[in-house]
Number of protein chains: 2
Amino acid sequence: MGDPARANMLTSLMGGQALSASELAEVAGVAAATASGHLVQLLDGGLLAVEKQGRHRYYRLAGPDVAIAIETLMDLAQRSRRLQVRPGPRDPEMRRARVCYDHLAGECAVAFFARLTRLKLIALDDGAVAITSRGERRFAEFGIDIAALKSAKRPVCRTCLDWSERRSHLAGALGARLLDRLFELGWARRAEGSRIVRFTPLGETGFAKLFD
Amino acid sequence: MGDPARANMLTSLMGGQALSASELAEVAGVAAATASGHLVQLLDGGLLAVEKQGRHRYYRLAGPDVAIAIETLMDLAQRSRRLQVRPGPRDPEMRRARVCYDHLAGECAVAFFARLTRLKLIALDDGAVAITSRGERRFAEFGIDIAALKSAKRPVCRTCLDWSERRSHLAGALGARLLDRLFELGWARRAEGSRIVRFTPLGETGFAKLFD
DNA sequence: GGAATGCTTCGGGCTTTGCCGAAGCATCGG
DNA sequence: CCGATGCTTCGGCAAAGCCCGAAGCATTCC
């Protein structure tokens with residue numbers, strides 16, 4: 001995972017969608033032959049899964065555990081401020097709100113994370129993040145049952161470094177459930193064939209003021 | 001983090017205790033000079049923190065976030081069944097049985113530790129390890145006086161992550177005394193100018209069946 | 001003070017590994 | 001069929017990085 005080419009491949013797969021070998025070669029900035037070698041390694045290491053479709057081969061992350069590991073590493077890399085310059089998404093909509101694996105990312109997500117922190121609904125403790133009891137109450141009012149999330153193996157709260165913003169947003173079980181809830185309420189929906197998340201006018205204002 | 005030597009250093013620091021540069025060189029299986037280079041890298045990457053104490057330099061993980069990241073990666077590695085980062089020491093004899101500071105390490109030691117656990121001669125409790133009363137009796141029969149060990153300042157039982165096996169073996173006062181006893185009985189002797197421990201035929205079978 | 005110990009820096013050997021172009025399979029379209 | 005496209009494998013090359021012994025500081029012990 002440490003090699004720059006492989007790291008770029010993995011991060012670009014964090015959106016959850018599968019990418020073809022040539023697309024991955026592109027994002028990694030290497031020739032097709034080189035990329036193919038890297039992909040074999042990642043496949044071999046159980047980090048990726050592949051799907052043949054005609055003459056294309058689509059690669060995706062092998063599972064949520066891989067996504068979590070990458071998230072964790074990106075978070076760590078950020079903290080030691082050694083992250084390479086990475087061109088953010090050009091598309092303004094993409095920068096605004098998008099799906100990151102199974103949770104919300106982009107400006108909206110970063111702002112929301114900052115708000116949670118400011119209101120002490122989550123507590124940051126030297127790298128770890130946890131929900132506070134006040135947070136549990138407020139999320140319950142919003143229709144998210146924290147107790148149910150706690151029973152899962154997955155950590156409830158996790159930080160994830162935002163690709164475009166370079167600041168943390170909320171991941172983990174709660175991050176995933178939150179995005180679900182936004183869809184449930186009709187506050188937002190996912191754009192067809194893209195990672196972009198589009199808010200409805202109602203959702204836009206609702207989410208911007210949530211918990212405030 | 002991907003380099004085997006660095007990975008070994010990091011995993012052996014997962015216990016939370018600080019280790020000196022030479023101890024880390026030992027667990028990594030490299031010369032002091034090489035280890036020093038690795039430590040600079042890890043320090044530089046913000047993964048480790050260092051504390052000077054006299055002529056020693058004690059290294060520890062920089063923070064809980066680093067520990068979390070390592071844990072996550074180890075978890076992932078386990079799941080993809082690719083844990084064998086390295087065959088450990090190249091020499092098969094070295095892999096089989098060697099000295100680790102003052103106690104036994106290698107396949108033999110790991111297997112023995114597993115047996116002690118299975119027979120409930122020692123009890124693992126959330127990272128800590130202690131000898132049971134049954135264990136005390138059995139060790140006494142083998143010629144090791146636990147009471148004497150208890151009077152020393154040093155902890156009687158400690159776990160130590162095995163370099164080649166990546167599983168725990170027995171360290172602490174008891175681990176050291178055990179190795180002594182093997183030498184006393186003539187069951188094993190140390191190879192000249194090397195860390196390798198060679199069992200005699202008698203010792204081989206005796207140790208393999210000990211306590212069983 | 002001098003010797004011993006712990007650790008780092010330096011210089012050079014050597015393996016590993018990433019990289020690419022060219023060639024080889026496989027699939028699709030005509 | 002044939003050629004075009006997507007991807008992988010092969011061979012060779014160059015850079016990166018790991019490794020060690022020796023020498024150099026720093027600290028402690030006698």
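Worth saying up front: this structure is predicted, and the values here are computed from it rather than measured. We name chains A, B, ... by the order of the sequence lines, and we start the count at 1 in each one.
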Please report the distance, rounded to the nearest Å, between [atom1] in [X] and [atom2] in [N].
X	N	atom1	atom2	value
A/Y58	D/dT8	OH	C1'	17 Å
A/H56	D/dT5	NE2	C1'	8 Å
B/E51	D/dT27	CD	P	16 Å
A/M9	D/dC7	CE	C1'	12 Å
A/M1	C/dT17	CE	P	17 Å
A/L42	C/dT17	CG	P	14 Å
A/D3	C/dT16	CG	C1'	13 Å
A/D44	D/dT9	CG	P	11 Å

Please tabulate, one pair per line, all N/O donor-acceptor pairs under 3.5 Å involving side-chain atoms of residues 34-42 of chain A, not counting sequence neighbours.
unit_1: A/H38; atom_1: ND1; unit_2: A/R6; atom_2: NH1; d: 3.0
unit_1: A/Q41; atom_1: OE1; unit_2: A/R6; atom_2: NH1; d: 3.2

Between A/R57 and D/dG6, does any side-chain N or O lie under 4.0 Å from OP1 or OP2?
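Negative; the distance criterion is not met.
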
C/dT8 phosphate, OP1 or OP2, under 4.0 Å from B/Y59 side-chain N/O:
yes

For [X], which residues count as a salt bridge (Lys or Arg N to Asp or Glu O under 4.0 Å) partner, sequence neighbours excluded?
X	result
A/E26	none
A/R57	none
B/E136	B/K150
A/D102	A/R154

Angle, rounded to 10°, between the helical axes spanning five pairs at each terminus of the helix from C/dG1-D/dC30 to C/dG30-D/dC1?
30°

Sequence neighbours excluded - salt bridge (Lys or Arg N to Asp or Glu O under 4.0 Å) pairs with any residue from residues 9-21 of chain A:
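For residues 9-21 of chain A: none.
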
Using a 4.0 Å cut-off on heavy atoms, which residues in residues 29-41 of chain A reach DNA chain D? List them by number, or say none.
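Here the set is A/A32, A/A33, A/S36, A/V40.
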
For B/F113, enumerate each residue passing the ring-ring contact (aromatic ring centres under 6.0 Å, His included) test, keeping only those at least two apart in sequence or located in another chain.
none

Counterpart residues, ring-ring contact (aromatic ring centres under 6.0 Å, His included), relative to A/F112 (two or more places apart)
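Result, ring-ring contact (aromatic ring centres under 6.0 Å, His included) vs A/F112: A/F207.
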
Of all residues at least two apart in sequence or in a different chain, which pass the side-chain contact (heavy atoms from CB on, under 4.5 Å) check with A/R190?
A/V99, A/F183, A/R195

Out of D/dC7, C/dC7, D/dC19, whichever nucleotide has its closest atom nearest the side chain of A/S20:
D/dC7

Counting primed atoms plus P, OP1 and OP2 as sugar-phosphate and everything else as base, spell out the protein contacts along nucleotides 24-30 of chain C at 4.0 Å heavy-atom distance: B, S or - for each nucleotide, 5' to 3'.
---BB--

Are B/E204 and B/R96 within salt-bridge range, i.e. N to O under 4.0 Å?
yes

If we ignore hydrogens and angles and just use 3.5 Å, is the side chain of B/T200 paired with the main-chain N or O of B/W187 as donor and acceptor?
yes

